Amino acid sequence: MYDPTTLEEKWQAYWAARGINEPDMDGAPNPFFNLMMFPYPSAEGLHVGNLYAFTGADFHARYQRLRGQNVFEPIGFDAFGIHSENYALKVNAHPMDLIPRSIANFTRQLKRSGIMFDWSHTVDTTDPDYYRWTQWIFLQLYDAGLAVKKEAPVNWCPSCKTVLANEQVEGGKCERCGTEVGQRLLSQWFFRITEYVERLLANLDWIDWSPSTLTAQRNWIGRSEGALLRFLLAGDRDDKLEVFTTRPDTIFGATFMVLAPEHPLVDELTSEEQRAEVEAYRSAAAAIDLVERRKADDRTKTGVFTGGYAVNPATGENIPVWIADYVLMEYGTGAIMAVPGHDQRDFEFARQFGLRILPVVAPADVFAGLSDPSSVELDLGDEAFVEHSDDERLINSSEFSGLLASEGSERIVEWLGEQGLAEPKVNYRLHDWCISRQRYWGPPIPILYCDACGTVPVPEEDLPVVLPHLENFKPGDDGIAPLAKDESFYRVTCPSCGGAARRETDVSDTFLDSSWYFLRYPSADFDDRPIDPARTERWLPVDMYIGGEEHAVLHLLYSRFITMALHDLGHVPFEEPYLRFRKHGLIIRDGAKMSKTKGNVVNPDEYIDRFGADTFRTYLMFLGPYQEGGDFRDSGIVGPQRFLSRVTDAAEAAVVEGAVGFPDAAVERAVHQTIRQVTDDFASLSFNTAIAALMELLNTLRASGRVPTLDEIRPLVIMLGPIAPHLAEELWEQLGGESSLFDHASWPTFDPEKLATDTVEIPVQVNGKLRATISLERGAGEDAAMSAALADESVQRHVAEGSIRKTIYVPDRMLNLVVTS
RNA sequence: GCGAAAGUGGCGGAACCGGUAGACGCGCCAGCCUUAGGAGCUGGUGGCCCGAGGGCCGUGGGGGUUCGAGUCCCCCCUUUCGCACCA
């Protein structure tokens with residue numbers, strides 16, 4: 001009888017009482033750090049998506065453990081941040097009251113889910129004992145010159161008079177009051193992640209991660225090689241306009257320039273006649289939120305002529321300078337040389353405003369049979385010619401005409417470089433990481449501003465800078481953080497000169513909290529140091545990290561950067577934090593992402609109450625390939641439930657009967673085949689097929705018409721361990737095994753000799769169509785196969801339609817007869 | 001628009017290196033058992049045709065390579081996810 005409730009309570013109590021899931025942190029001989037992305041503890045409770053992620057990671061952890069690894073599987077809570085803060089504002093409560101309740105609820109839910117967390121090493125990012133060290137990391141980076149203050153724009157709602165996070169902007173409007181969101185410049189703290197960009201990129205070549213995640217990181221970093229070109233302003237002006245281009249070979253086709261509306265040289269360039277129009281365009285552009293502007297799917301080009309001109313350094317011609325919002329201030333130099341012949345956006349812009357379009361590159365076939373390549377003309381039609389090939393050549397480019405574009409590119413940069421007008425340049429999409437938040441619910445940035453001493457870091461011994469309990473923690477007026485309203489917080493004396501000083505009142509980004517939590521886990525029981533060297537040496541870097549693709553970019557990149565920086569500062573002995581990373585898929589329901597508004601959210605508690613954690617785990621992992629996700633359907637869960645119930649019946653019957661050995665060669669073979677299959681599947685996180693293979697083995701055992709022997713059922717029970725740990729533990733005990741299964745059983749191995757059958761069934765095809773299957777001795781030769789095949793009536797009939805022209809025989813695989821009439 | 005992945009029964013999904021498509025599960029059908037229950041057990045289940053021996057069709061669509069294609073190549077369509085004018 002399968003009674004999950006009693007059994008699960010029994011084993012959860014057993015594991016907790018004996019510390020079964022707490023490895024010996026200082027002596028484990030085979031340490032294995034199995035990490036999953038720690039959750040944000042929402043007030044709604046554990047989402048089935050969390051549980052899906054954790055369950056797959058736990059399957060892997062328990063599998064590694066049965067293979068003899070000392071697995072450390074910790075959990076924690078990423079509890080700072082805007083989600084918690086907004087929720088607290090919404091329900092009119094305080095995050096300091098809400099978060100502990102949410103964490104307690106999550107803990108309760110997680111403890112009944114059967115995941116082998118080590119509850120003696122948890123972290124909570126909102127605990128001063130944790131964020132003390134988050135602040136310590138800030139100071140380490142500050143001392144190393146990697147934390148700097150710069151001006152940067154933030155989203156600003158003029159009605160609420162508040163700074164908005166990108167998540168709070170919907171369609172360019174404030175999500176609360178619907179007012180158009182604008183931009184404001186604020187002085188903020190940045191981490192100089194761009195200093196590490198080449199290393200962050202280079203290491204992607206060797207870390208063992210899901211390929212799509214590697215691609216996402218590369219795209220995010222967005223390295224592109226090109227050149228920086230300088231255009232003198234027309235007239236006797238000293239300033240130069242710098243542009244970045246990946247196509248310096250097309251400079252002879254640069255017939256105008258475009259600046260981002262907020263570009264600093266716009267004022268100087270703008271003529272009196274154009275000033276009003278330019279100003280109007282600039283303020284309109286400034287009113288649109290940056291993020292929304294990038295998402296705009298209306299691609300009609302807009303822009304305004306400044307009235308100013310620049311000199312094309314290659315042709316010496318004066319070319320008009322425009323402003324347009326398709327040029328982004330934050331990429332490259334915020335200005336471009338427009339080459340309408342070879343850039344589709346420039347082409348559209350030129351069409352829109354009647355600007356000159358000059359093709360300067362032509363594909364190889366245009367040159368075919370021409371003796372003088374400089375005379376080539378290219379008709380563009382309705383599109384820019386943007387294809388890039390190895391054999392295209394320059395045209396209309398003075399003495400460079402006729403050169404291969406790649407060669408021309410180098411020669412032009414060289415030529416202009418001699419005049420100080422060009423240099424090779426690598427540009428990145430990645431920007432420095434802004435960690436300042438003008439919000440309340442985060443760790444205060446540990447910096448003081450003193451009139452006499454300037455910017456002063458908080459001395460290490462004064463950490464943590466504790467976040468005070470503010471009654472009114474709403475984001476403040478004028479872009480000032482909530483903490484700026486608490487005088488007792490910000491008014492301090494300077495530790496250096498003893499004079500009056502003011503604390504930094506911004507808090508740091510949640511991504512900083514999560515950028516190092518895995519470093520903290522093994523050392524979580526030390527309160528006098530963030531990262532214990534011996535623990536770190538033993539447990540880190542992380543052996544396996546499993547998480548969602550939604551963090552493929554920011555979290556993973558930031559934590560790689562922080563790890564690298566800490567490595568360079570001598571705090572950790574490695575520079576890549578996660579040796580392996582595997583993404584898991586998304587669980588959906590009724591073909592749609594689960595969300596409260598759709599009303600299709602699954603509450604894990606209900607299912608665990610009804611079916612037990614083991615059945616729920618099995619179902620979650622059975623519903624689709626773990627790395628791709630799957631569709632949650634209520635009706636499907638009875639399959640796993642029946643399976644576990646039948647395993648119980650079979651094992652209990654085997655115990656009563658007490659038979660041993662392998663009386664049946666076919667069953668023995670099935671056991672070995674299953675061990676091989678399930679082992680392979682676990683290694684590749686193919687949990688759905690692993691479960692299917694175990695179901696198949698059980699079907700085989702049942703089909704034998706007798707009670708299975710103890711030896712036949714034992715491997716099944718052990719392999720069930722990672723899947724349904726409570727039940728496996730129970731059955732293992734009944735089979736006479738010493739508890740815990742996870743300490744005393746080891747993963748079964750298969751004997752390759754037991755896998756093979758003496759005879760094989762192979763298909764016989766005639767002209768590629770299946771006509772029969774024949775039974776042959778393993779390794780039988782072609783002659784034997786032929787005679788067996790020709791003995792088959794159906795084969796005879798189809799062969800009789802002509803004569804056999806050819807036979808293809810793959811021993812033990814198939815036989816194909818090619819017949820023509 | 002760019003990038004990534006994917007299109008297979010009524011449904012979720014299997015299929016190693018090109019070699020018996022549909023494993024496993026849900027659902028459905030039939031039967032058994034039964035102190036009728038949404039329990040358990042046994043068998044069946046891609047579609048169409050049928051003379052009951054088989055035959056034909058079938059992995060989004062169209063071409064191709066091959067003795068043989070869900071799998072490889074080309075073109076097209078659709079869906080999901082990520083990024084969004086990246087010069």
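Throughout, protein chains are lettered first and strands after them, A, B, ... in sequence-line order, and every chain is numbered starting at 1. Quick caveat: nothing in here was measured; it's all calculated off a predicted structure.
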**Student:** If I compare all heavy atoms of A:Gly612 with all of A:Pro4, which pair ends up nearest, and what's the gap?
**Tutor:** CA-CB, 4.1 Å
**Student:** Using a cut-off of 4.0 Å on non-hydrogen atoms, how would the nucleic acid contact of A:Val638 be classed: base, sugar-phosphate, or nothing?
**Tutor:** sugar-phosphate
**Student:** Sorted by first residue and then second, give each side chain to side chain donor-acceptor pair (under 3.5 Å) pair with at least one member in residues 678-696 of chain A; sequence neighbours left out.
**Tutor:** A:Gln677-A:Asp681, A:Thr679-A:Trp747, A:Asp681-A:Thr689, A:Ser684-A:Ser686
**Student:** Taking atom C1' of B:G54 as reference, at what distance in whole Å does atom CZ of A:Arg797 sit?
**Tutor:** 7 Å
**Student:** Can you tell me how far the CG atom of A:Leu776 sits from the CD atom of A:Glu761, to the nearest 0.5 Å?
**Tutor:** 8.5 Å
**Student:** Test your reading of the model: is there a side-chain donor-acceptor pair from A:Arg805 to the backbone of A:Val818, 3.5 Å cut-off?
**Tutor:** no
**Student:** Taking ring-ring contact (aromatic ring centres under 6.0 Å, His included) as the definition, give me every residue that meets it alongside A:Phe687, ordered by chain and number, with sequence neighbours left out.
**Tutor:** A:Phe59, A:Tyr626, A:Phe682
**Student:** May I ask you to check whether A:Phe256 and A:Trp322 place their ring centres under 6.0 Å from each other?
**Tutor:** no
**Student:** Checking A:Glu606 now: which residues fulfil salt bridge (charged side-chain N to carboxylate O under 4.0 Å, His left out) with it, not counting sequence neighbours?
**Tutor:** none
**Student:** How many Å lie between NE2 on A:His342 and P on B:C86, as a whole number?
**Tutor:** 17 Å
**Student:** Does B:G9 sit syn or anti, given that only angles within 90° of 0 count as syn?
**Tutor:** syn
**Student:** Please determine whether a side-chain nitrogen or oxygen atom of A:Arg642 lies at a distance below 4.0 Å from atom OP1 or OP2 of B:C26.
**Tutor:** yes
**Student:** Could you give the CD1-to-C1' distance, from A:Ile774 to B:G19, as a whole number of Å?
**Tutor:** 14 Å
**Student:** For RNA chain B, which consecutive runs of 3 or more Watson-Crick or G-U pairs (each distance under 3.5 Å) count as stems?
**Tutor:** B:1-7 with B:77-83, B:10-12 with B:24-26, B:27-32 with B:40-45, B:46-49 with B:54-57, B:60-64 with B:72-76
**Student:** Which label fits B:C17, syn or anti, where anti is any glycosidic angle not within 90° of 0?
**Tutor:** syn
**Student:** For a quick check, with a 4.0 angstrom heavy-atom cut-off, what is the B/S/- contact string for nucleotides 12-17 of chain B, read 5' to 3'?
**Tutor:** BSS-B-
**Student:** Dump every N/O contact between nucleotides 56-59 of chain B and the protein below 3.5 Å, one line per pair.
**Tutor:**
from: B:C56; atom 1: OP2; to: A:Arg771; atom 2: NH1; distance (Å): 3.2
from: B:C57; atom 1: OP2; to: A:Lys769; atom 2: NZ; distance (Å): 2.9

**Student:** For A:Arg646 and B:G25, what is the distance between atoms CZ and C1' respectively, to the nearest whole Å?
**Tutor:** 10 Å
**Student:** Between A:Met814 (CE) and B:A69 (P), how many Å, whole number?
**Tutor:** 11 Å
**Student:** May I ask you to say whether A:Asp208 pairs ionically with A:Arg582, meaning some side-chain N is under 4.0 Å from a carboxylate O?
**Tutor:** yes
**Student:** What's the spacing between A:Met337 CE and A:Phe244 CZ if we round to 0.5 Å?
**Tutor:** 10.5 Å
**Student:** Assert yes or no for the condition that the ring centre distance of A:Tyr607 to A:Phe632 is strictly below 6.0 Å.
**Tutor:** yes
**Student:** Drop me the distance from A:Thr250's OG1 to A:Asp343's CG, to the nearest 0.5 angstrom.
**Tutor:** 8.5 Å
**Student:** Out of B:C67, B:A4, B:C86, which nucleotide sits closest to the side chain of A:Tyr331?
**Tutor:** B:C86
